Amino acid sequence: QVQLAESGGGLVQAGESLKLSCLASGKTWTIGGMAWYRQTPGKERELVARITRGGVPREYGDFVKGRFTIRRDNTKNIVDLQMNSLRAEDRAVYSCYAQASGVDYWGEGTQVTVSA
């Protein structure tokens with residue numbers, strides 16, 4: 001099995017930056033693609049960014065518009081999400097996702113709040 005633990009969430013002002021990290025543990029050698037998703041109350045979970053096993057960013061949500069960057073370090077089993085120029089509408093719970101051996105794994109999520 002794989003465990004995912006997010007960190008780095010918090011409260012920032014609009015226009016500021018925040019970096020989220022996701023640390024994977026367990027059978028990390030089985031992990032393929034990874035991603036960050038976010039969800040706000042009353043809305044469906046949406047993809048923020050995803051990255052391949054080899055560390056190539058594959059997709060960003062339309063709302064990202066060049067503000068976020070996903071990176072992966074397989075030597076440390078970490079996937080980071082650098083978020084710049086944050087907006088009030090970026091407020092959400094951000095969750096890390098990984099697929100390993102055909103199984104989907106999720107972290108518990110970290111809250112990001114952006115004040116206008």
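Just so it is clear, the values below take in all heavy atoms, side chains as well, and ignore hydrogens, waters and symmetry mates. Nothing here was measured: the structure is a model prediction, and the numbers come from that model.
Hydrophobic clustering (ILVMFWY, side-chain heavy atoms < 4.5 Å, transitive): L20 and Y105 are in one cluster. No continuous path of ILVMFWY side-chain contacts below 4.5 Å connects Y37 to V103, so the two sit in separate hydrophobic clusters. V93 and V12 are members of different hydrophobic clusters when ILVMFWY side chains are connected at heavy-atom separations under 4.5 Å.
Distance alone, capped at 3.5 Å, is enough to place a donor-acceptor pair between the R67 side chain and the S85 backbone. With E6 contributing its side chain and G109 its backbone, the two residues share a donor-acceptor pair below 3.5 Å. Formation of a donor-acceptor pair under 3.5 Å by the D104 side chain with backbone atoms of Y97 is not found in this model. Without hydrogens or angle criteria, R72 side chain to V56 main chain gives no donor-acceptor distance under 3.5 Å. Side chain of Y60 to main chain of I70: a donor-acceptor pair is present (N/O by atom type, distance under 3.5 Å, no hydrogens or angles).
Considering every non-hydrogen atom in both L18 and G10, the closest pair reads CD2-N, 4.0 Å. Of all non-hydrogen atoms in F63 and R87, the two that sit nearest each other are O-NH1, 4.0 Å. Nearest heavy atom pair, residue D80 against residue K19, reads OD2-NZ, 3.9 Å. Among all heavy-atom pairs drawn from L4 and A24, the shortest one is CD2-CB, 3.8 Å. Smallest separation of non-hydrogen atoms from A35 and L47: CB-CD1, 4.0 Å. Taking every heavy atom of both residues into account, L81 and A49 meet most closely at CD1-CB, 4.3 Å.
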Practice task
Evaluate side chain to side chain donor-acceptor pair (under 3.5 Å) for N84 paired with Q82, printing each intermediate quantity in order.
Solution key: CA-CA 7 Å; N84 300 327; Q82 177 66 45; 2.9 Å; yes
Problem - Audit row: M83, V112, side chain to side chain contact (heavy atoms under 4.5 Å, CB included) steps and yes/no - result: CA-CA 10 Å; M83 304 187 293; V112 171; 4.0 Å; yes
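The CH2 atom of W36 lies 12.0 Å from the CD1 atom of I51; values are rounded to the nearest 0.5 Å. To the nearest 0.5 Å, atom CD1 of residue I78 and atom SG of residue C22 are 9.0 Å apart. If you take CZ on R91 and CG on L86, they are separated by 13.5 Å, rounding to the nearest 0.5 Å. In this structure, CZ in R50 is found 5.0 Å from CD in E59, a value given to the nearest 0.5 Å. Distance check: S25 OG to Q1 CD gives 10.5 Å after rounding to the nearest 0.5 Å. Rounding to the nearest 0.5 Å gives a distance of 8.5 Å between CG of L11 and CD of E16.
The hydrophobic cluster analysis finds W29 isolated: no Ile, Leu, Val, Met, Phe, Trp or Tyr side chain comes under 4.5 Å of it, directly or through other members.
Annotation: side-chain contact (heavy atoms from CB on, under 4.5 Å) contacts of A92 (sequence neighbours excluded): R38, T40, Y94.
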